[in-house]
Amino acid sequence: MIDIKLLRQSPQIFIEALEKRNANTELVDKIIELDKEWRKLTTELNNLKAERNSLSKLVAKAKAEKNEELAREIIEKSKKIGEKIKEIETVQQDIESKMKDIALNIPNIPHESVPVGSDETENIEIRRWGEPRKFDFEPKAHWDLGPDLGLMDFERAAKLSGSRFTVMYGYLAKLERALIQFMLDVHTKENGYTEVWVPHLVKRETMTWTGQLPKFEEEAYNIKKDDLFLIPTAEVPLAALHAGETLNEKELPKKYTAYTPCYRREAGSYGKDVRGVIRQHQFDKVELVWITTPERSFDDLEKLTQDAEKILQLLELPYRVVSLCTGDLGFAAAKTYDIEVWLPSYNAYKEISSCSNDTDFQARRANIRYRGKDNKLHYVHTLNGSGLAIGRTLVAIMENYQNPDGSITIPRVLVPYMGVERIP
RNA sequence: GGAGAGGUGGCCGAGUGGUCGAAGGCGCUUGCCUGCUAAGCAAGUGUGGGGGUUACCCCACCGAGGGUUCGAAUCCCUCCCUCUCCGCCA
């Protein structure tokens, strides 16, 4: 959520932000106009209420003095004010809800360090790690490798659930589990995260707090009967964990990690990544979330990103890090690094993690604050990143570690988790 | 699912129609006092919003939203949440 005071004071900041994002700037003008009217009515209301309050006190006094006639007189006067208040309140509430609707649909302001650009082609590569393997045979894509091994089954998945679902057997199923375990172990033992186990169904409010709603309702699976949503990422329950709370600066930053499945309708992505397990309605992910302070949040984003990169380094998978340009930035993010892993089937780097600083955007919506050294209340900054997407990691291992005979070598660090050195 | 109890400030806890934003206690901050610490004494100590050049003034908030009333923490309705008992259940 945007800061209405800042918007009043310098609407230009928001207009520029929306322009950089290729978003509609009309919203800003509209909300400013509504705000003007709102303040006018608010002042009027405050004055009327003040008058009513003082009259009420006079009534109490008159009654105490047994002066019934005077009391009745004042009550009459007060009644009229009450009617007027009700009238204005109706108008004010209407304006208020309109303002809120707009405010909830205005995205976060991009950080000054974010490259300006219109779409993903203008993202900036920050660094590369590792060298894509040169194959002396024709490498298979995972959507061939998996079924050829008899360990990945798209047909039966489609029978059960439709498109964009996968069934895995044996060592591939185990590899999925091993990756979850491995990543959680690294983050908790080496990177200092607290493991959290969270609900996978959350309330409409919760989705609104973190920015998924109201704008992206089409993307979410909703259980109508109870109006609960299947989480599209563990970021939702993790970032909303402290909603409504006042934290102590001493306990910040809080670093949380959680494994959850993620559920996404992928409504706008027909024809995109249709083969294999790259884009699924259900996928596993180990998520990283920081609750931190404004002073350090951008430094923390660097650390969070490195925590995610570490997984790829340990798995010895080549990757690069790109800084998303303003046009490619997510709704809640002020800055985002995508980590892209090398996929032979795409002959390209493909997103495997997205690490964002949402600054105070979610904190405002969810009302998460901390008491600072100045003894005042401030909004926290929230950061989130995949550490990593499990399915895509599994695919990257399959494709990058495949052998000419169609077997797959298990990365060294995973051998203890798998109990074998290769599949099959 | 059935029956009941309850949600008040950082915490505990009083308050059933009129100076209640809310007694009292704990905690916290500052000052005094004191070899140090503790105790003691005094003062202060919520959040959000509107207005004013400052001093400051005003409004709202007692789980949420409506309603009754001149006036609601207090009465009524709806919802949410917590707890206890019963039923069911992994």
Side-chain angles (χ1 to χ4, degrees), chain A residues 1-9 31-104 197-209 213-214 222-229 237 240-252 254 360 363-380:
Chain A
M1 177 105 81
I2 53 153
D3 180 354
I4 184 77
K5 277 186 180 167
L6 182 63
L7 186 124
R8 254 175 220 149
Q9 210 183 313
I31 206 166
I32 284 172
E33 203 178 298
L34 288 169
D35 181 58
K36 257 184 208 155
E37 185 63 17
W38 180 86
R39 278 191 295 172
K40 197 186 116 198
L41 294 176
T42 300
T43 304
E44 213 172 310
L45 270 178
N46 280 349
N47 292 338
L48 287 171
K49 282 181 181 171
E51 199 177 340
R52 183 179 67 183
N53 286 347
S54 59
L55 287 179
S56 279
K57 279 172 196 165
L58 291 180
V59 172
K61 208 173 176 187
K63 287 212 168 170
E65 288 165 2
K66 304 259 184 236
N67 193 340
E68 289 298 329
E69 198 179 322
L70 179 63
R72 218 171 313 123
E73 222 170 90
I74 302 167
I75 285 170
E76 271 315 301
K77 212 169 162 189
S78 184
K79 220 171 181 170
K80 281 196 187 108
I81 294 173
E83 281 159 17
K84 182 98 186 159
I85 287 174
K86 208 164 266 180
E87 211 174 286
I88 298 174
E89 248 170 7
T90 312
V91 181
Q92 190 212 31
Q93 275 167 14
D94 181 55
I95 290 174
E96 222 168 71
S97 78
K98 276 183 188 150
M99 281 172 68
K100 201 173 175 196
D101 282 350
I102 295 173
L104 284 174
W197 188 88
V198 293
H200 301 169
L201 287 166
V202 296
K203 296 191 276 188
R204 179 172 287 275
E205 284 173 274
T206 311
M207 291 281 277
T208 308
W209 291 337
L213 295 179
N222 175 231
I223 313 291
K224 277 199 190 70
K225 204 165 180 184
D226 300 296
D227 202 27
L228 290 171
F229 291 81
L241 200 58
H242 295 288
E245 296 181 21
T246 300
L247 304 170
N248 198 316
E249 182 163 9
K250 276 179 241 152
E251 48 185 337
L252 298 178
K254 285 181 178 288
D360 61 0
R364 281 179 193 286
R365 290 175 165 241
N367 194 27
I368 312 168
R369 297 176 299 175
Y370 71 96
R371 198 168 289 280
K373 291 187 199 82
D374 56 1
N375 211 29
K376 285 194 178 130
L377 291 172
H378 308 276
Y379 287 109
V380 299

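It should be emphasised that the depicted structure is a prediction, and the values quoted were computed from it without experimental measurement. In what follows, chains are A, B, ... by sequence order, proteins preceding strands, each numbered from 1.
For A/Arg72, no side-chain nitrogen or oxygen approaches OP1 or OP2 of B/C70 to under 4.0 Å. For B/G48, the OP1/OP2 oxygens have a side-chain nitrogen or oxygen of A/Arg369 closer than 4.0 Å. Between B/C59 and A/Lys49, no contact under 4.0 Å exists linking OP1 or OP2 to a side-chain N or O. Remark: A/Asn367 is not in phosphate contact with B/U47, judged by side-chain N or O atoms under 4.0 Å from OP1 or OP2.
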Please tabulate, one pair per line, all N/O donor-acceptor pairs under 3.5 Å involving side-chain atoms of residues 90-97 of chain A, not counting sequence neighbours.
| residue | atom | partner | partner atom | Å |
| --- | --- | --- | --- | --- |
| A/Thr90 | OG1 | A/Lys86 | O | 2.8 |
| A/Gln92 | NE2 | A/Thr42 | OG1 | 3.0 |
| A/Asp94 | OD2 | A/Lys98 | NZ | 3.3 |
| A/Glu96 | OE2 | A/Trp38 | NE1 | 2.9 |
| A/Ser97 | OG | A/Asp94 | O | 3.1 |

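Within the shown strands, B/C77 is the pairing partner of B/G65 under the Watson-Crick or G-U definition, both distances less than 3.5 Å.
Rounded to a whole Å, the CZ atom of A/Arg204 is 16 Å from the C1' atom of B/C80.
Residue whose closest nucleotide on RNA chain B sits further toward the 5' end, between A/Tyr379 and A/Gly82: A/Tyr379. Residues A/Asn47 and A/Ile74 each lie close to RNA chain B; by heavy-atom proximity, the contact nearer the 5' end of the strand is made by A/Asn47.
Salt bridge status for A/Lys49 with A/Glu89: present, with a side-chain N to carboxylate O gap under 4.0 Å. Under a 4.0 Å N-O distance rule, the pair A/Arg8/A/Asp35 qualifies as a salt bridge.
When the P atom is used for both B/U29 and B/G46, the distance is 15 Å, rounded to whole Å.
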